[in-house]
Amino acid sequence: MLSKKEIEFCLQTIGEMFPHAECELKHTNPFELVVAVALSAQCTDALVNRVTEGLFQKYRTPEDYANTSTEELEQDIRSIGLYRNKAKNIKKLSEMIINEYGGVVPSDRDELVRLPGVGRKTANVVASVAFGVPAIAVDTHVERVSKRLGFCRWKDSVLEVEKTLMKKIPVEDWSVSHHRLIFFGRYHCKAQAPKCGECPLLSLCREGQKRLKKGLVKAI
DNA sequence: CTCCCGATAT
DNA sequence: ATATCAGGAG
């Protein structure tokens, strides 16, 4: 596992590669962010944004979702995968926000997790992006990058990855580091065809060195 | 662990 | 053709 110092160096280097790493899910308020992140499970941000562009015109408040039939909402988000679960979750979550939170999205992570379709990762995104609460949401990119670089162990659960990152990164850097890891994973250290050949972190990357020995790294 | 699931990259 | 995508629930 990389030391605190080495992780700090990695995050700074990644920050130079992606100086504008921030949330790419389009939204204009916390409620829209909750809906967008709930839709984003196992689906690209680009596709979510394509769908929410029309969705947020049609549905502006939790009441709008609560007053729609599940079938109609399913059709409105059909092009996103897992649409039946997501439609049901968004309708229920809207009802809960109306009935239990006075129509206002809670900022507390434990309250957010009570909402259907909102797990720890989604709650961390909402708390962090919408309310400025320090958090590290461990999604597929953060998990993969952390394991490849050696920020944590390969066998670690997503919760263990999150705990390790919180321990090794200063609180004031949690949110920005989280977004840097997302961008690095999404555009550079991709699941398929990672760009190890043009990676400034290759020399200290455990997975990169392994790929180098296997002859999988194309020089740039 | 399995299921949910369409769009896109490889 | 197959893998992957800002996962969560049962």
Side-chain angles (χ1 to χ4, degrees), chain A residues 14 18 20-27 30-55 70-71 73-96 109-131 133-148 151 155-162 165 174-197 207 211 216-218:
Chain A
I14 294 171
F18 302 100
H20 306 298
E22 56 183 3
C23 181
E24 293 197 300
L25 257 18
K26 290 184 185 169
H27 63 284
F31 179 64
E32 284 189 351
L33 182 62
V34 171
V35 174
V37 188
L39 288 173
S40 73
Q42 298 296 132
C43 172
T44 61
D45 279 14
L47 184 54
V48 172
N49 287 334
R50 203 183 306 164
V51 168
T52 55
E53 184 174 3
L55 195 71
T70 305
E71 292 75 20
L73 186 52
E74 283 179 0
Q75 290 314 306
D76 290 331
I77 65 171
R78 186 175 40 78
S79 59
I80 292 193
L82 318 180
Y83 63 92
R84 278 186 287 233
N85 287 337
K86 290 174 182 177
K88 195 184 333 152
N89 288 151
I90 289 170
K91 194 164 150 60
K92 185 78 190 299
L93 145 182
S94 297
E95 292 167 1
M96 280 182 66
R109 287 192 300 282
D110 294 328
E111 302 292 338
L112 286 165
V113 168
R114 295 187 57 239
L115 302 172
V118 178
R120 188 180 179 87
K121 177 240 140 187
T122 297
N124 275 331
V125 172
V126 174
S128 168
V129 174
F131 300 110
V133 179
I136 299 178
V138 179
D139 70 342
T140 182
H141 299 301
V142 175
E143 180 182 9
R144 181 182 63 253
V145 168
S146 296
K147 290 184 176 180
R148 280 182 177 170
F151 287 5
K155 299 287 291 180
D156 284 350
S157 65
V158 289
L159 183 58
E160 288 170 328
V161 174
E162 182 184 334
L165 293 178
W174 285 0
S175 291
V176 64
S177 299
H178 151 69
H179 284 113
R180 283 176 181 176
L181 292 174
I182 299 267
F183 271 61
F184 184 65
R186 184 179 293 160
Y187 301 114
H188 188 93
C189 190
K190 299 182 291 183
Q192 298 174 283
K195 301 177 179 178
C196 301
E207 182 64 16
R211 284 168 175 270
L216 296 174
V217 178
K218 283 188 205 164

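Order of the sequence lines fixes the chain letters, A, B, ..., with proteins taken first and strands second; residue numbering starts at 1 for each chain. Given the structure is predicted, the values throughout are model-derived calculations rather than measurements.
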Exercise. Mind checking whether A/Phe18 and A/Tyr187 have parallel, tilted or perpendicular rings, split at 30° and 60°?
Worked result: tilted
Exercise. Distance between the P atoms of C/dA6 and B/dT2, in whole angstroms?
Worked result: 23 Å
Exercise. Just how far is it from atom CZ of A/Arg144 to atom CG of A/Leu181, taken to the nearest 0.5 Å?
Worked result: 11.0 Å
For this session: Calculate, to the nearest 0.5 Å, the distance between atoms CD1 and CG belonging to A/Ile77 and A/Leu82 respectively.
Result: 9.5 Å
Problem set entry | Euclidean distance, atom CZ of residue A/Arg84 to atom C1' of C/dG8 [Å, nearest integer] | 16 Å
For this session: Using a cut-off of strictly less than 4.0 Å, decide whether A/Thr140 has a side-chain nitrogen or oxygen near OP1 or OP2 of C/dC5.
Result: yes
Problem set entry | Toward the 5' end of DNA chain C, by each residue's nearest nucleotide, A/Gly117 or A/Asp45 | A/Asp45
Problem set entry | Closest nucleotide among B/dC5, B/dT10, C/dC5 to the A/Arg144 side chain | C/dC5
For this session: Return the 5'-most residue of the pair A/Arg50, A/Leu82 with respect to DNA chain B, ranking by each residue's nearest nucleotide.
Result: A/Leu82
Exercise. To the side chain of A/Ser79, which of B/dG6, C/dA6, B/dC4 is closest?
Worked result: B/dG6
Problem set entry | Nearest-Å distance for atom pair NZ/C1', residues A/Lys86 and B/dA7 | 11 Å
Exercise. With sugar-phosphate meaning primed atoms plus P, OP1 and OP2, does A/Arg78 contact a base, only sugar-phosphate, or nothing at under 4.0 Å between heavy atoms?
Worked result: sugar-phosphate
For this session: Please work out if A/Val37 contacts a base, only the sugar-phosphate, or nothing of the nucleic acid, heavy-atom cut-off 4.0 Å.
Result: nothing
Problem set entry | Candidate nucleotides C/dG8, B/dG6, B/dA9, ranked by approach to the side chain of A/Thr122 - the nearest | C/dG8
For this session: Indicate yes or no: does A/Lys91 engage A/Glu95 in a salt bridge with an N to O separation below 4.0 Å.
Result: yes
Problem set entry | Atom pair distance, as rounded to whole Å: CG in A/Asp139 and P in C/dC5 | 9 Å
For this session: Tell me whether the OP1 or OP2 atom of C/dA6 has a side-chain N or O from A/Arg186 closer than 4.0 Å.
Result: yes
Problem set entry | Integer-rounded Å distance: B/dT10 P and A/Lys218 NZ | 11 Å
Seminar exercise, completed: Here the distance between atom P of C/dA6 and atom NZ of A/Lys26, to the nearest Å, is 15 Å
Seminar exercise, completed: Which of A/Thr52, A/Val37, A/Val35, A/Leu39 passes side chain to side chain contact (heavy atoms under 4.5 Å, CB included) with A/Leu25? Answer is A/Val37
Exercise. Expressed in angstrom and rounded to an integer, what is the separation of A/Phe184 atom CZ from C/dA6 atom P?
Worked result: 16 Å
Exercise. With no hydrogens and no angle check, is any side-chain donor or acceptor of A/Lys147 less than 3.5 Å from a backbone partner on A/Glu207?
Worked result: no
Exercise. The side chain of A/Tyr83 lies closest to which of these nucleotides: B/dG6, C/dT4, C/dA6?
Worked result: B/dG6
For this session: Quick one: label A/Lys190 by what it contacts on the DNA or RNA (base, sugar-phosphate, nothing), any heavy atom closer than 4.0 Å.
Result: sugar-phosphate
Seminar exercise, completed: Atom CG of A/Asn89 and atom P of B/dC3 are separated, to the nearest Å, by 19 Å
Exercise. Expressed in angstrom and rounded to an integer, what is the separation of A/Leu39 atom CG from B/dC5 atom C1'?
Worked result: 13 Å
For this session: Respond yes when some side-chain nitrogen or oxygen of A/Ser40 is under 4.0 Å from OP1 or OP2 of C/dC5, and no when none is.
Result: no
